[in-house]
Amino acid sequence: MSIQYDVEPLADSYGAVDSFPKDFGYGEDEDAIEDSPSPSDSKPRILLMGLRRSGKSSIQKVVFHKMSPNETLFLESTNKIYKDDISSSSFVNFQIWDFPGQVDFFDPTFDYEMIFRGTGALIFVIDAQDDYMEALGRLHLTVSRAYRVNPEINFEVFIHKVDGLSDDHKIETQRDIHQRANDDLADASLEKLHLSFYLTSIYDHSIFEAFSKVVQKLIPQLPTLENLLNIFISNSGIEKAFLFDVVSKIYIATDSSPVDMQSYELCCDMIDVVIDVSCIYGLREDGSGSAYDKESMAIIKLNNTTVLYLKEVTKFLALVCILREESFERKGLIDYNFHCFRKAIHEVFEVGISAQRPLGSQAVGSPCNKAVALNGTPRNTV
Ligand SMILES: Nc1nc2c(ncn2[C@@H]2O[C@H](COP(=O)(O)OP(=O)(O)OP(=O)(O)O)[C@@H](O)[C@H]2O)c(=O)[nH]1
């Protein structure tokens, strides 16, 4: 469900997420790469690379610009590097660079050293519906070059367009790609280069899930957030909790119990419902107001004794929980624990701001980023 295309930009009443216009606040400007680096070039980067028509632009548009998957059929081929500044959230503060299919590493105008040096994650997209031998060759060339320039990069392989494959075929394709890619690395004595593999499609939630995992690796405070979520759910009788970036529906953290796709989808759908209803009925007559603000909260009881509970945490983040109806009888306790949890999350951010290290900014290009990841649990926890 998606109604955001109909929503007019609204007056600012709540920071940057003042409304949910077409681009959900992620900014519509996409600049072709310039010769001289702009200040925003210092932001951590996620590169989208892969062969032509593998689906790179579609992924970017669907996840960050709310394009419906069917509309991607009409996307034109990218012929320049496009930089997309995902800076509406102070939490997920990075740039996505979408590359044209054929990047020529031997082209002297392509300064790959500069590009890889400031990169946090390199996502290589492989079209699983196509013959992937050429893509594997390209993957090897790309990651080995990038690794030599910056071994701190997280290398992520999206085995994409799996909506067209049967379950068995998916597993077999993943196994085969995994095996071949790692054999190539072993032959080149690059065993230390770690590739993570994801099965993705823009036609379901798998692309959001995969992107969530990619982004989480770039969030230095992740262990602290997970810790807070664990404490919150265990003290509140909650089964599963996600901390969502509301505009992209990427979850930036969850508790340490395993994530099952259905729970994640359910929570994503809840965000859609809340924002849609809020856009339609939550604004003032003159259209002013905000679809998501401090008051945003929702409780949905399902017919299988499950309760969904959503609350605003920061102007970009929402907590979405799944719990049993009987646990919800102690709503007062849950609300109180949430209050403490919210306060703790704000303290995590304040620490980040006072240290002048916005989340994500130190996550890349810095050899100490793994150490920063363990930067202290806030003083008051739930
Ligand atoms: N079935 C299916 N098709 C997809 C998926 N993702 C993208 N596509 C289709 O793949 C085609 C190519 O997508 P693009 O996003 O333009 O590919 P690209 O990698 O950016 O291509 P270049 O700009 O030429 O490098 C489009 O017709 C998309 O609709 C997917 O998950 N499943």
Side-chain angles (χ1 to χ4, degrees), residues 2 5 23 26 28 30-33 45-86 95-105 107 109-110 112 115 119 121-143 145-146 155-174 177 196-214 248-250 261 264-265 268:
S2 147
Y5 290 98
D23 67 351
Y26 275 125
E28 288 183 284
E30 290 180 350
D31 308 319
I33 193 166
R45 257 169 238 151
I46 296 180
L47 308 185
L48 272 169
M49 300 180 111
L51 294 188
R52 273 208 178 285
R53 312 303 289 158
S54 54
K56 303 176 290 296
S57 309
S58 309
I59 292 173
Q60 188 216 357
K61 296 282 181 198
V62 168
V63 176
F64 294 106
H65 296 278
K66 302 295 147 198
M67 184 178 270
S68 80
N70 289 330
E71 280 180 79
T72 65
L73 290 167
F74 310 107
L75 280 177
E76 284 181 16
S77 212
T78 315
N79 47 25
K80 286 187 204 140
I81 300 175
Y82 274 93
K83 294 189 285 183
D84 191 7
D85 199 344
I86 311 298
Q95 283 191 337
I96 299 209
W97 288 24
D98 180 10
F99 282 71
Q102 75 312 5
V103 166
D104 182 3
F105 287 105
D107 178 350
T109 60
F110 177 62
Y112 68 86
I115 291 172
T119 293
L122 190 161
I123 299 174
F124 195 92
V125 184
I126 296 180
D127 182 346
Q129 293 186 12
D130 202 7
D131 175 22
Y132 47 76
M133 287 308 159
E134 191 190 343
L136 281 172
R138 205 71 210 171
L139 167 69
H140 181 73
L141 181 68
T142 308
V143 298
R145 292 263 169 158
F155 294 101
E156 320 280 4
V157 182
F158 284 7
I159 302 168
H160 192 52
K161 305 193 191 179
V162 292
D163 47 276
L165 310 185
S166 68
D167 283 350
D168 287 350
H169 197 171
K170 273 185 208 173
I171 307 289
E172 177 52 29
T173 306
Q174 179 169 18
I177 290 180
S196 305
F197 295 88
Y198 308 83
L199 291 167
T200 57
S201 163
I202 53 169
Y203 288 96
D204 58 33
H205 287 77
S206 58
I207 193 62
F208 293 92
E209 235 243 313
F211 235 104
S212 300
K213 293 192 171 143
V214 170
S248 62
K249 284 185 285 168
I250 280 177
M261 204 57 173
Y264 174 61
E265 286 177 17
C268 284

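Both counts, for ligands and for their atoms, begin at 1 and track the order of listing.
- At a 3.5 angstrom cut-off on N or O pairs, K161 counts as close to ligand 1.
- Two residues are said to be in side-chain contact when any heavy atoms from C-beta on lie closer than 4.5 Å; T72 and V62 meet this criterion.
- Here is the list of ligand 1 atoms found below 4.0 Å of a heavy atom in T72: 26 (C), 27 (O), 28 (C), 29 (O).
- For S57, the side chain to side chain contact (heavy atoms under 4.5 Å, CB included) partners two or more places apart in sequence, or in a different chain, are L75, T78, D98.
- In this structure, the side chain of K56 engages the main chain of L51 through a donor-acceptor pair within 3.5 Å.
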Side-chain polar contacts of residues 122-135 - donor-acceptor pairs under 3.5 angstrom, sequence neighbours left out - could you list them?
{"residue": "D127", "atom": "OD1", "partner": "Q129", "partner atom": "N", "Å": "2.8"}
{"residue": "D127", "atom": "OD2", "partner": "K161", "partner atom": "NZ", "Å": "3.1"}
{"residue": "Q129", "atom": "NE2", "partner": "K161", "partner atom": "O", "Å": "2.9"}
{"residue": "D131", "atom": "OD1", "partner": "M133", "partner atom": "N", "Å": "3.4"}
{"residue": "Y132", "atom": "OH", "partner": "D176", "partner atom": "OD2", "Å": "2.4"}

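- For the 3.5 Å distance criterion, the side chains of S206 and D204 qualify, holding a donor opposite an acceptor.
- The ligand atoms of ligand 1 that sit less than 4.0 angstrom from a heavy atom of S54 are 17 (O), 19 (O).
- Here atom 21 (O) of ligand 1 lies nearest to R53 when heavy atoms of M67, Q60, R53 are compared.
- Per-residue contacts place L73 under 4.0 angstrom from the following atoms of ligand 1 (heavy atoms of the residue considered): 27 (O), 29 (O).
- Residue-level proximity to ligand 1 for K61 is absent, since no heavy atom of it falls below 4.0 angstrom.
- Counting the atoms of ligand 1 from 1 in the order shown, those under 4.0 Å from a heavy atom of D163 are 1 (N), 2 (C), 30 (C), 31 (O), 32 (N).
- Although no hydrogens or angles enter the test, the distance criterion places no donor-acceptor pair under 3.5 Å between the side chain of R45 and the main chain of W97.
- When all heavy atoms of F208 and K66 are compared, the pair lying nearest together is CE2-NZ, 4.2 Å.
- Taking a cut-off of under 4.0 Å to the non-hydrogen atoms of Q129, the atoms of ligand 1 that pass are 1 (N).
- G50 does not count as a contact of ligand 1, since none of its heavy atoms falls under 4.0 Å from the ligand.
- Close approach of ligand 1 to S201 is summarised as follows: ligand atoms under 4.0 Å from at least one heavy atom of the residue are 31 (O).
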